[in-house]
Amino acid sequence: MTGLIRAGRYDLVHTPWPLELALVLSVLRRGSGDPTFRTAPDGAVWRASRTPLGPGTLRIARHGGGAVEADAWGPGAEWLLDRLPELLGAADDPAAFEPRHRLLALTRKRRPGLRLARTGLVLESLIPSVLEQKITVAEAYRAWRRLVTKFGTPAPGPVPERMYVMPDPRTWAVIPSWEWHRAGVDDKRASTVLRAVRVAARLEEAARMEPAEARARLELVSGIGPWTSAETVQRSHGAADAVTVGDLHLPGIVGYALAGDRHADDAAMLALLEPYAGQRHRAARLILLSGRTPPRRAPRMPRTDIARW
């Protein structure tokens with residue numbers, strides 16, 4: 001891979017493009033307590049993943065001279081290091097994006113280090129996306145944290161405290177119903193996860209497909225729709241055009257930023273993003289980074305703690 005220099009047990013990736021490490025990788029974190037993701041005080045990012053070769057931990061930090069250094073441990077270490085450039089956005093092409101709105105032009109200029117990460121892993125993005133269906137983000141993060149901590153495996157290597165690799169498909173499949181309940185996950189979302197892990201190998205094959213084909217395969221699983229498939233391939237594929245539809249807040253944010261319409265629906269959002277066809281997800285990311293969001297008027301989505309039922 002271009003720019004990749006092997007050096008002992010770690011890699012140095014020289015990035016000729018501007019890179020904001022925290023910005024690029026932040027979309028992979030599911031809340032501040034995510035047991036698979038840590039940001040150290042020195043700015044290094046730690047990720048624990050279940051790769052095709054087994055569990056692996058990756059530590060990524062800035063290095064002098066415009067490079068990024070990475071250490072990896074576990075059976076999946078080599079797999080993670082091989083794909084490090086794509087994780088940092090090497091397969092992304094920001095030059096394909098042509099701003100048509102002043103807000104997006106200014107935001108891109110202000111945040112030139114935005115790259116779309118590609119993990120090459122489907123289930124690690126799909127399962128937490130399923131958990132996020134139709135509930136508050138805080139509830140979903142709590143469920144992910146509880147399930148991974150209880151049923152995952154300790155992350156390999158000298159990792160920060162309480163880091164875990166998510167469960168393998170077989171373990172997800174045998175989690176008792178009451179444990180889903182205690183984690184605040186209703187039967188519908190739990191059943192969707194169970195259907196997905198039964199065909200885990202077929203879903204992981206989607207990482208080698210084009211994003212549209214990958215989404216079509218994911219949506220063959222009952223309970224996985226356009227919202228979930230988009231949220232997944234944005235991370236697994238770095239899909240620049242996979243705009244999220246069916247979201248409670250995004251249409252209003254996009255509508256307000258580009259047209260002053262805080263009440264925009266999916267159709268209006270897609271019409272506003274049409275000039276960015278092929279790059280609609282990047283446009284949405286830039287809008288979110290711009291900070292131009294509608295003032296809050298409606299109450300927050302109520303929290304439903306089914307674990308107390």
Side-chain angles (χ1 to χ4, degrees), residues 1-29 36-40 42-97 108 111-126 155-157 159 165 204-211 213-214 232-242 278-279 281-282 285-286 289:
M1 294 187 179
T2 303
L4 182 63
I5 300 175
R6 287 303 173 92
R9 68 185 180 91
Y10 67 90
D11 284 354
L12 288 178
V13 177
H14 291 271
T15 55
W17 60 87
L19 177 67
E20 288 187 58
L21 185 63
L23 176 62
V24 171
L25 299 180
S26 63
V27 296
L28 306 179
R29 183 181 70 174
T36 71
F37 192 109
R38 291 284 191 278
T39 300
D42 63 0
V45 173
W46 294 76
R47 291 193 69 234
S49 296
R50 186 167 294 281
T51 78
L53 300 182
T57 303
L58 188 63
R59 176 189 179 274
I60 313 167
R62 294 310 303 253
H63 188 81
V68 172
E69 65 177 18
D71 296 80
W73 299 266
E78 192 71 14
W79 193 96
L80 291 170
L81 291 175
D82 283 344
R83 287 153 185 80
L84 179 60
E86 289 192 354
L87 183 68
L88 300 176
D92 188 25
D93 183 17
F97 180 77
R108 186 174 72 164
R111 305 301 294 269
L114 173 65
R115 286 266 172 163
L116 302 182
R118 177 173 184 160
T119 68
L121 296 168
V122 173
L123 282 184
E124 77 166 23
S125 292
L126 174 63
V159 299
V165 177
E204 289 294 356
E205 289 175 359
R208 300 188 293 274
M209 299 176 176
E210 291 299 312
E213 295 176 276
T232 301
V233 301
Q234 287 166 8
R235 297 165 173 84
S236 61
H237 290 67
D241 196 49
Q279 294 283 316
H281 171 53
R282 190 189 310 279
R285 283 287 307 276
L286 288 169
L289 286 172

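- Taking every heavy atom of both residues into account, A242 and V233 meet most closely at CB-CG2, 3.6 Å.
- Listed for the E204 side chain is a donor-acceptor partner under 3.5 Å among the backbone atoms of V122.
- For the residue pair V159 and W46, the shortest heavy atom distance occurs at CA-CZ3, 3.8 Å.
- Using a 4.5 Å heavy-atom threshold, the side chains of L28 and V45 count as separate.
- Put simply, the side chain of P156 reaches to within 4.5 Å of the side chain of V165, judged on heavy atoms.
- Contact detail for S125 and R235: the closest heavy-atom pair is OG-CB, 3.3 Å.
- Rounded to the nearest 0.5 Å, atoms CG (D241) and CG (L116) are 11.0 Å apart.
- Scanning both residues, T119 and R47, for their nearest heavy atoms gives CG2-NH2, 4.3 Å.
- To the nearest 0.5 Å, the span separating CZ on R83 from CG on L121 amounts to 8.5 Å.
- Remark: R115 does not engage E20 in a salt bridge, criterion side-chain N to carboxylate O under 4.0 Å.
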Q: Could you check R62 against L19 for side chain to side chain contact (heavy atoms under 4.5 Å, CB included), going step by step and ending with a plain yes or no?
A: CA-CA 10 Å; R62 294 310 303 253; L19 177 67; 4.0 Å; yes
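- Remark: R111 CZ to L286 CG distance equals 10.0 Å, nearest 0.5 Å.
- Rounding to the nearest 0.5 angstrom, the gap separating the CG atom in L84 from the CD atom in E69 is 11.0 Å.
- Remark: the T36 side chain and the E124 side chain contain no N/O donor-acceptor pair separated by less than 3.5 Å.
- Remark: E213 CD to H237 NE2 distance equals 9.0 Å, nearest 0.5 Å.
- Separating the OG1 atom in T57 from the CZ atom in R38 is a distance of 11.5 Å, to the nearest 0.5 Å.
- In terms of heavy atoms, D42 sits closest to R59 at OD2-NH2, 3.3 Å.
- A donor-acceptor pair is defined here as one N or O able to donate and one able to accept, closer than 3.5 Å; no such pair exists between the side chain of R50 and the backbone of L123.
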**Q.** Worked verdict on L25 versus L87 for side chain to side chain contact (heavy atoms under 4.5 Å, CB included)
**A.** CA-CA 8 Å; L25 299 180; L87 183 68; 3.8 Å; yes
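- The 12-atom threshold is exceeded at CD of E205, counting heavy atoms of other residues, nucleotides or ligands nearer than 6.0 Å.
- Nearest heavy atoms, S49 versus L80: CB-CD2, 4.1 Å.
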